[in-house]
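Encoded as structure tokens, the structure appears first; notes follow it.
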Amino acid sequence: MVLSLGACGLVVGALFLVAPHNESDPVRRVAYETSFRQAARVAPYPLLAPQGLDERWRATSVDYQGVDRNQTKWHIGFINPDEKYAAVEQSNGFSDELVRDKGKRGRPIGDRDVAGEQWKAYDGPKYRSLVRVRDGVTTMVTGNATFEDLTVLAASLRPAGV
């Protein structure tokens, strides 16, 4: 039995040595720009997406839900240069519910200046968030990235066509 286990171990070790190993970036990038332009045409408010971010910010997810025009949701997820997660969330639905759900139950800790505008800051056990409510639309930048990185992302947000 010991000899059989040893033989199996040798075969597994040999397969490991000859099997190809992929050292490339494991993060699957998505191109969000086309989805952004398409969703912006039908959204009932100006959707926002980052412009001018360092190329090391990698978009990993994008989604627009607009069946109910009174409760639409826009999302773009990123991995930042420090390998942390940050997302842009927008909705014209229930603001408190969005902040609680996407912010992983963070608590308000004051305001933070983002390009001359005050955003509410939230901090929680998992995520930090920056939130702005304007004209019935909640814009949230959230994730486990630092507040400094969330501020960079929030400051880069622009509507389509700008």
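Note that these values count all heavy atoms, side chains included, but never hydrogens, waters or copies made by symmetry. Numbers here simply count residues along the sequence, with the first being 1.
Minimum heavy-atom separation, Ala49 to Ile76: CB-CD1, 3.8 Å. Counting all heavy atoms, side chain and backbone alike, Ala59 lies closest to Tyr32 at CB-CD2, 3.5 Å. Closest of all the heavy-atom pairs between Thr72 and Pro44 is CG2-CD, 3.8 Å. Between Pro159 and Gln51, the closest heavy-atom pair is O-NE2, 3.9 Å. Annotation for Val30 and Ser61: closest pair CG2-N, 3.5 Å, computed over non-hydrogen atoms.
The salt bridge (charged side-chain N to carboxylate O under 4.0 Å, His left out) analysis of residues 42-55, with sequence neighbours excluded, yields the pairs Asp54-Arg56. Listed by first and then second residue, the salt bridge (charged side-chain N to carboxylate O under 4.0 Å, His left out) pairs that reach into residues 98-110 come to none, sequence neighbours excluded.
When the side chains of ILVMFWY residues are joined at heavy-atom separations under 4.5 Å, either directly or via intervening members, Leu150 and Val99 end up in two distinct hydrophobic clusters. Ile79 and Val152 fall into different hydrophobic clusters, where Ile, Leu, Val, Met, Phe, Trp and Tyr are joined by side-chain heavy atoms under 4.5 Å apart, directly or via other members. Tracing side-chain contacts under 4.5 Å through hydrophobic residues (I, L, V, M, F, W, Y), one never reaches Leu98 starting from Val88; they form parts of separate clusters.
Under the side chain to side chain contact (heavy atoms under 4.5 Å, CB included) criterion, Asp68 pairs with Asn70, Gln71, not counting sequence neighbours. Shown here are the side chain to side chain donor-acceptor pair (under 3.5 Å) partners of Tyr64, two or more places apart in sequence or in another chain: there are none. Thr151 pairs by the side chain to side chain donor-acceptor pair (under 3.5 Å) definition with Arg112, not counting sequence neighbours. Partners of Thr146 according to the side chain to side chain donor-acceptor pair (under 3.5 Å) rule, which considers only residues two or more places apart in sequence or in another chain, do not exist here. Residues forming a ring pair (Phe, Tyr, Trp, His ring centres under 6.0 Å) with Phe36 (at least two apart in sequence, or on another chain): Trp74.
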Steps toward side-chain contact (heavy atoms from CB on, under 4.5 Å) verdict (Phe147, Ile109) = CA-CA 12 Å; Phe147 274 117; Ile109 59 168; 3.8 Å; yes

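Atom CD of Gln118 sits about 5.0 Å away from atom CG of Asp113, to the nearest 0.5 Å. How far CH2 of Trp57 is from NZ of Lys84: 12.5 Å, rounded to the nearest 0.5 Å.
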Hey, can you pull the donor-acceptor pairs under 3.5 Å for the side chains in residues 121-140, sequence neighbours left out?
| from | atom 1 | to | atom 2 | distance (Å) |
| --- | --- | --- | --- | --- |
| Arg128 | NH1 | Asn144 | O | 3.0 |
| Arg128 | NH1 | Ala145 | O | 2.8 |
| Ser129 | OG | Thr142 | OG1 | 2.7 |
| Arg132 | NH1 | Glu117 | OE1 | 3.2 |
| Arg134 | NH2 | Glu117 | OE1 | 3.1 |
| Arg134 | NH2 | Glu117 | OE2 | 2.4 |
| Thr138 | OG1 | Ser95 | OG | 3.0 |
| Thr139 | OG1 | Gln90 | NE2 | 3.3 |

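Side-chain atoms of Tyr85 and Thr60 form no donor-acceptor pair, as typed in the model, at a separation below 3.5 Å.
The closest donor-acceptor contact from the side chain of Ser156 to the backbone of Leu153 lies under 3.5 Å.
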